[in-house]
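Accompanying notes for the structure given below.
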Amino acid sequence: MEEVKKINGSNSANFLNARHAHFHSLVYKMITEFGIEKVNISPALSEEYRSNIDIEIDLNNESRAFVETPQLAEADSERDAITVYLFGAIRNAMLSPVLQAKAAGEALYLLIRPYTGLHGEARDRQTAKTEGLVLDLNKPANATHIATIGQTETVALLDEKNKTYQQIKNGLTNLRAVEDLEASKVVRPRTDANYQSITNYIFATYLLATDETKKAEIATLIDHLNQLIAEQKTAHKQSQAQKTKKTSSEEKPAS
């Protein structure tokens with residue numbers, strides 16, 4: 001009995017947005033290169049599929065770009081100015097004729113030296129490193145040195161501005177996530193429905209083909225689709241496993 005080729009389930013509904021769009025882009029490319037007319041897919045269905053894929057890609061691109069606003073830039077600029085001022089004050093204290101201030105400046109300089117160039121760091125990295133700097137500066141001995149050179153309020157202001165920056169960033173990220181989720185709820189099911197219709201046409205055309213050459217060509221297309229599906233499902237599982245491992249590592253208490 002002749003083996004009947006079937007298109008395997010893709011599980012694409014569980015893919016994250018970027019992989020979902022990527023998977024369907026590869027499917028679209030594969031079937032258009034094969035020839036949609038060979039498997040009775042209408043130009044209208046093909047164009048609708050392409051359109052929905054493009055919308056998904058645009059959403060993903062917008063999500064990556066949605067990280068800059070005037071408010072965020074202003075918070076970062078203020079944070080930079082305070083950082084530069086504080087570091088300058090510490091360096092100036094090292095030159096003070098007052099011995100207590102000079103000693104405080106020298107001790108603080110050793111602390112800030114690893115943070116040289118902090119204001120020029122990538123913003124997320126700067127946020128994390130500024131948190132660490134403020135924690136160091138607020139340790140009792142260092143806080144005493146900071147008070148000696150009159151910069152206690154500056155450190156507090158740096159902490160405030162760093163937190164303000166992160167709050168704005170978190171707000172933008174959450175807003176974008178909500179907008180993406182709502183948009184994806186609409187477009188992803190449309191893309192999946194197009195895909196289901198297309199694979200139905202491919203399978204039906206293969207099943208009803210009487211020309212052996214044509215049937216063999218469609219069988220090869222099905223093999224290629226199944227290979228793509230297998231690769232994408234494996235990649236999805238690996239990314240999920242890595243995410244779980246990372247989360248577990250972050251939650252593991254320090255020994």
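Everything numeric here is computed off the predicted structure, so don't read it as measured data.
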Checking side-chain contact (heavy atoms from CB on, under 4.5 Å) for the pair Ile41/Ile202: CA distance, chi angles, key distance, verdict? CA-CA 8 Å; Ile41 298 170; Ile202 293 171; 4.3 Å; yes
Before giving the answer on ring pair (Phe, Tyr, Trp, His ring centres under 6.0 Å), spell out for Phe87 and Tyr115 the whole-Å C-alpha distance, their side-chain angles and the decisive distance to 0.1 Å. CA-CA 9 Å; Phe87 283 17; Tyr115 294 95; 7.2 Å; no
The test is side-chain contact (heavy atoms from CB on, under 4.5 Å); show your working for Asn142 and His145 and say whether it passes. CA-CA 5 Å; Asn142 297 326; His145 293 319; 4.2 Å; yes
Run Thr164 and Arg79 through side-chain hydrogen bond (donor to acceptor under 3.5 Å, both in side chains) and show every step you take. CA-CA 9 Å; Thr164 297; Arg79 178 176 63 177; over 6 Å; no
Could you walk me through whether Leu135 and Lys139 pass side-chain contact (heavy atoms from CB on, under 4.5 Å), step by step? CA-CA 7 Å; Leu135 284 173; Lys139 289 176 180 177; 5.6 Å; no
Are Leu95 and Lys102 close enough, and set up right, to give a side-chain contact (heavy atoms from CB on, under 4.5 Å), and what steps lead you there? CA-CA 6 Å; Leu95 304 175; Lys102 179 180 175 65; 5.9 Å; no
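Between the side chain of Asp76 and the backbone N or O of Leu72 there is no donor-acceptor pair closer than 3.5 Å. Judged by distance alone, the side chain of Asn226 and the main-chain N or O of Asn8 form a donor-acceptor pair under 3.5 Å. A distance-only check finds no donor-acceptor pair linking the side chain of Ser96 to the backbone of Asn92 [under 3.5 Å]. Put simply, the side chain of Tyr109 never gets that close to the backbone of Met94: no donor and acceptor are under 3.5 Å apart. At least one donor-acceptor pair closer than 3.5 Å links the side chain of Lys233 to the backbone N or O of Gly9.
Hydrophobic clustering (side-chain heavy atoms under 4.5 Å, transitive across Ile, Leu, Val, Met, Phe, Trp, Tyr) groups Met30 together with Leu45. No single ILVMFWY cluster, assembled from side-chain heavy atoms under 4.5 Å apart, contains both Ile90 and Leu110. Connection of Val4 to Ile7 is established within a shared hydrophobic cluster, with ILVMFWY side chains joined at heavy-atom distances below 4.5 Å, either directly or through further cluster members. Put simply, Ile146 and Val84 are part of two different groups of oily side chains (I, L, V, M, F, W, Y) that touch within less than 4.5 Å, one to the next.
One distance of note links NZ of Lys29 with OG1 of Thr32; it measures 7.5 Å at 0.5 Å rounding. The line from OG1 of Thr205 to NZ of Lys214 is 6.5 Å long, rounded to the nearest 0.5 Å. Between His236 atom NE2 and Glu231 atom CD the span is 15.5 Å, to the nearest 0.5 Å. In this structure, NZ in Lys5 is found 12.0 Å from CG in Leu225, a value given to the nearest 0.5 Å. Annotation: the span from Tyr201 atom OH to Ser46 atom OG amounts to 12.5 Å, rounded to 0.5 Å. With values rounded to the nearest 0.5 angstrom, Glu121 atom CD is found 11.0 Å from Thr83 atom OG1.
When every heavy atom of Arg123 is checked against every heavy atom of Ala73, the shortest pair comes out as NH2-CA, 4.1 Å. Minimum heavy-atom separation, Ile53 to His24: CD1-O, 3.4 Å. Annotation for Ala143 and Asn138: closest pair CB-O, 4.1 Å, computed over non-hydrogen atoms. Asp80 approaches His119 most closely through the heavy-atom pair OD1-O, 3.3 Å. Here the closest heavy-atom approach between residue Ala21 and residue Ile57 is recorded as CB-CG1, 4.1 Å. Here the closest heavy-atom approach between residue Gln126 and residue Asn162 is recorded as O-OD1, 4.4 Å.
With contacts defined as side-chain heavy-atom distances shorter than 4.5 Å, the pair Lys6/Ile222 does not qualify. Looking only at side-chain heavy atoms (C-beta outward), Asn194 and Arg50 stay at 4.5 Å or farther from each other. Leu221 has its side chain out of reach of Tyr206: every pair of non-hydrogen atoms, C-beta onward, lies at least 4.5 Å apart. Ile112 is not listed as a side-chain neighbour of Leu86, based on a closest heavy-atom distance of 4.5 Å or more. You'll find the side chain of Leu157 stays beyond 4.5 Å of the side chain of Glu153, heavy atoms only. Under the 4.5 Å side-chain criterion, counting only non-hydrogen atoms from C-beta, Phe203 is not in contact with Val39. Thr191 has its side chain out of reach of Phe23: every pair of non-hydrogen atoms, C-beta onward, lies at least 4.5 Å apart. Annotation: side chain of Leu158 is in contact with side chain of Leu133 (closest heavy-atom distance under 4.5 Å).
Within 6.0 Å of CD on Gln100 lie no more than 12 heavy atoms contributed by other residues, nucleotides or ligands. Surrounding NZ of Lys163 are at most 12 heavy atoms belonging to other residues, nucleotides or ligands under 6.0 Å away.
For the pair Lys161 and Tyr165, the cation-pi criterion (under 6.0 Å, within 45° of the ring axis) is not fulfilled.
Using a 4.0 Å cut-off between a side-chain N of Lys or Arg and a carboxylate O of Asp or Glu, Asp192 and Arg188 do not qualify as a salt bridge. Between Asp211 and Lys215 there is no salt bridge, since no side-chain N of the basic residue sits under 4.0 Å from a carboxylate O of the acidic one.
In this structure, a donor-acceptor pair under 3.5 Å is absent between the side chains of Asp223 and Gln227.
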